[in-house]
Amino acid sequence: MAAAVMVGRPRGTEDVLPAQSGRWQRAERIAREFAGRWGFGEIRTPTFEHTELIHRVGESTDVVQKETYDFADRGGRQLSLRPEGTAAVVRACLQGGLVAQGLPVKVYYLSMSAFRYERPEAGRLREHHQFGCETLGAPGPAADAELVSLLGDYLAAVGIHAAVAHVNSIGCQECRPRYREALRAYYGAHLAELCADCRRRLDQNPLRLLDCRVDRALALQAPRAVDFLCADCAAHHASLGRLLDAAGLAWEQDHLLVRGFDYYTRTVFEFVHGGLGAQSGLGGGGRYDRLVAELGGPDIPAAGFGLGLERLLLALEKEGQTGGDAPACSVLVAGDDVEQAFAMATALRRSGLQADFDPLGRSLKAQLRHASRLGARFVAILGAPDEAVVLRDMALRQQRPVQRDGLAAAVAEAAPLDGA
RNA sequence: GUGACUGUAGCUCAGUUGGUUAGAGCGCCAGGCUGUGGCCCUGGAGGUCGUGGGUUCGACUCCCAUCAGUCACCCCA
């Protein structure tokens with residue numbers, strides 16, 4: 001149970017405490033590194049947008065229909081907390097003139113919060129954070145393959161081994177209606193076998209019937225999207241497969257894969273992981289060739305993905321990967337005199353070292369215990385009558401006297417800063 | 001939004017058919033070691049028993065509601 005606090009954290013939100021933030025930092029550091037290597041530049045956008053923008057992106061998706069946080073500000077503006085990143089990022093790319101300055105536009109966002117009013121459970125929150133990438137203005141399958149390869153390589157680098165890339169094509173405006181009708185006909189013939197939800201979805205969005213878990217067998221026998229693709233879409237999909245193979249990526253064709261947002265065209269993909277409770281999607285995305293124009297921009301194609309960082313960390317945990325970036329304290333200054341310890345620690349800090357001291361004025365024993373807990377490599381013990389301090393190596397349990405003015409150098413020699 | 005299960009110290013959990021001052025282990029603090037940490041020993045701090053009602057002479061224990069967590073559905077990252 002949580003400790004008694006006057007007001008707890010809102011439902012479906014999480015605090016990241018120092019014990020866990022190292023894992024976040026590690027995931028974020030590697031994400032930055034990979035996005036940079038793949039040629040994506042970082043973009044940051046506001047937490048809230050005009051409700052109109054958010055809702056334009058997916059009128060018939062559940063997320064937008066009934067899960068957004070909508071509110072009016074004090075000036076009467078209708079605003080929404082973003083439920084996903086793509087709409088805002090496309091908006092920002094248009095507004096910032098990136099699209100006008102030359103194509104393709106390749107941007108990534110990191111630890112971007114997304115808000116959905118959902119019932120929380122393992123791997124599902126009301127505020128979660130995503131790492132995502134978007135490529136604007138690249139029509140060919142190479143852009144899709146680049147995104148899949150980035151996400152796949154990133155997951156491998158960060159330590160996920162049990163994720164599989166599922167790939168499908170849901171066609172374009174030309175060919176998808178034919179597929180939709182085929183599905184409608186197929187499921188219509190099996191109306192009696194459908195669950196209540198599926199009967200409702202039959203009219204609105206027959207593609208979603210493939211998701212139904214009540215009757216997998218029915219979905220497996222259903223018409224396949226790839227069999228209804230027009231020539232262009234079929235060529236796109238085939239080429240994507242060859243590109244992924246050439247890149248040495250493990251992927252599988254998943255005829256049942258459709259994604260939650262309406263705006264996808266042609267390619268959809270998702271990295272699936274078994275350790276996420278009822279959830280299975282670690283991250284995914286696809287192509288959205290119509291969206292930029294729908295948001296008022298030029299008629300250019302685009303593609304992207306989003307990865308849930310909470311789910312990533314959950315999956316890493318399931319795979320036994322619990323390590324994170326953990327800057328250890330290099331040296332703790334101990335002594336009876338807090339003022340002296342503070343002065344010494346400050347001097348060490350200004351010389352570029354990670355230094356700490358115990359501000360509580362506790363016994364030396366307690367200070368050493370504290371240093372031990374912090375993982376300090378050294379403890380500098382003040383209090384010697386002369387100018388010397390005792391420099392103790394905590395791991396070796398050995399110590400030697402050092403002149404005060406030589407302390408920084410002595411520590412720096414044995415414990416260089418990371419990356420220095 | 002629907003259904004099920006759960007809710008006792010910072011953490012993991014005991015708490016006997018409702019009975020008076022609610023316990024343990026770990027963690028934390030102090031001492032044993034007259035400045036020196038991970039082991040051991042001793043002591044200490046820390047709990048409105050999620051919250052609010054109700055039943056009862058009496059509730060951590062029974063009932064209802066509510067909040068929160070977990071799981072499944074829905075959906076998704």
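Here is how names work: the chains are called A, B, and so on, in the same order as the sequence lines, proteins then strands, and each is numbered from 1.
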### Query
Looking for any heavy atom pair under 4.0 Å, which part of the strands does A:R119 touch: base, sugar-phosphate only, or nothing?
base
### A:E294/A:R56 ion pair, N-O < 4.0 Å
no
### Task
Provide, to the nearest angstrom, the distance between the CZ atom belonging to A:F271 and the C1' atom belonging to B:A77.
14 Å
### Query
So what does A:R369 touch, heavy atoms closer than 4.0 Å: a base, only the sugar-phosphate, or nothing?
sugar-phosphate
### Query
Rounding to the closest angstrom, what is the interatomic distance between B:C62 and B:C29 at atom P?
38 Å
### Identified pairing partner of B:C71, criterion: Watson-Crick or G-U wobble below 3.5 Å
B:G3
### Task
Can you tell me the distance, in whole Å, between the NZ atom of A:K365 and the C1' atom of B:C41?
11 Å
#### Entry: Who pairs with B:C28 - Watson-Crick or G-U, where each distance is under 3.5 Å
B:G44
### Query
Centroid-to-centroid, A:Y288 to A:F261, below 6.0 Å?
no
### Query
Is there side-chain contact between A:K106 and A:E146, with heavy atoms separated by less than 4.5 Å?
yes
### Task
Considering only atom C1', compute the distance from B:U2 to B:A9 and round it to an integer number of Å.
36 Å
### Summary
From CG of A:L125 across to P of B:C76 the rounded distance in Å is 17 Å
### Task
Report which part of the nucleic acid A:A114 touches: base, sugar-phosphate, or nothing (heavy-atom distance under 4.0 Å, all strands).
nothing
### Query
Expressed in angstrom and rounded to an integer, what is the separation of A:L314 atom CG from B:U70 atom P?
10 Å
### Query
C1' atom, B:U6 versus B:C60: distance in rounded Å?
15 Å
### Task
For the residue pair A:T86 and A:V57, establish whether any side-chain heavy-atom pair is separated by less than 4.5 Å.
no
### Task
Nearest whole angstrom, please: distance from the P of B:G3 to the CD of A:E121.
16 Å
### Message
For a ring-ring contact (aromatic ring centres under 6.0 Å, His included) check, start with the C-alpha distance between A:F228 and A:Y179, then their side-chain angles and the critical distance, and finish with the verdict.
### Response
CA-CA 6 Å; A:F228 290 81; A:Y179 179 51; 5.5 Å; yes
### Query
Would you say A:Y69 has more than 12 foreign heavy atoms packed within less than 6.0 Å of its OH?
yes
### Message
For B:G69, does the base pair up with any side-chain atom of A:R11 as donor and acceptor (N or O, under 3.5 Å, distance only)?
### Response
no
## Note on the structure
With the side chain defined as heavy atoms from C-beta on, A:S372 is closest, among B:G37, B:C76, B:A77, to B:G37
### Query
With sugar-phosphate meaning primed atoms plus P, OP1 and OP2, does A:G123 contact a base, only sugar-phosphate, or nothing at under 4.0 Å between heavy atoms?
base
### Task
For A:G85, report the nucleic acid contact type (base, sugar-phosphate, nothing); a contact means any heavy atom under 4.0 Å.
nothing
### Query
To the nearest angstrom, how far is A:L276 atom CG from B:U70 atom C1'?
16 Å
### Task
Quick one: label A:E84 by what it contacts on the DNA or RNA (base, sugar-phosphate, nothing), any heavy atom closer than 4.0 Å.
nothing
### Query
Using the P atom in both, what is the distance from B:C39 to B:G23, to the nearest Å?
27 Å
### Query
With a non-hydrogen cut-off below 4.0 angstrom, is A:Q130 in contact with a base, only sugar-phosphate, or nothing?
sugar-phosphate
### Task
Pick base, sugar-phosphate or nothing for A:A122, based on heavy-atom distances below 4.0 Å to the nucleic acid.
sugar-phosphate
### Query
Reckon A:Q399 touches a base, only the sugar-phosphate, or nothing at all at heavy-atom distances under 4.0 Å?
base
### Message
What is the separation between atom CZ on A:R9 and atom C1' on B:C67, rounded to the nearest whole Å?
### Response
14 Å
### Query
Taking any strand in view, what nucleotide pairs with B:C49 in a Watson-Crick or G-U wobble way, both distances under 3.5 Å?
none
### Task
With the side chain of A:D336 defined as its heavy atoms from C-beta on, choose the nearest nucleotide among B:G35, B:A72, B:G37.
B:G35
## Note on the structure
RNA chain B nearest-nucleotide lookup for A:R362 and A:A395: closer to the 5′ end is A:R362
### Task
Check the chi torsion on B:G15 and let me know: syn if it falls within 90° of 0, anti if not.
anti
### Message
Quick check: any donor-acceptor pair below 3.5 Å linking the side-chain of A:R116 to the base of B:A77?
### Response
yes
### Message
Rounding to an integer number of Å, can you tell me how far A:R373 CZ sits from B:C29 P?
### Response
5 Å
### Query
Which part of the nucleic acid, if any, lies within reach of A:L282 when heavy atoms closer than 4.0 Å are counted: base, sugar-phosphate only, or nothing?
sugar-phosphate
### Summary
Winner on side-chain proximity to A:S363, out of B:C76, B:C73, B:G31, is B:G31
### Summary
Taking a pair to mean Watson-Crick or G-U wobble geometry with both distances below 3.5 Å, B:A14 pairs with none
### Message
Base, sugar-phosphate or nothing for A:R259? Non-hydrogen atoms, less than 4.0 Å.
### Response
sugar-phosphate
### Task
Searching all strands shown, indicate the nucleotide that pairs with B:C57 (Watson-Crick or G-U wobble; both distances under 3.5 Å).
B:G19
#### Entry: Chi angles and distances behind the side chain to side chain contact (heavy atoms under 4.5 Å, CB included) call for A:T267, A:V148
CA-CA 11 Å; A:T267 307; A:V148 176; 5.8 Å; no
### Query
Rounded to the nearest 0.5 Å, how far does NE2 of A:H255 lie from CZ of A:R224?
3.5 Å
### Query
Now, which nucleotide makes the Watson-Crick or G-U wobble pair with B:G37, with each of the two distances under 3.5 Å?
none
### Task
With P as the reference atom in both, quote the distance from B:C49 to B:G7 in angstrom, rounded to an integer.
15 Å
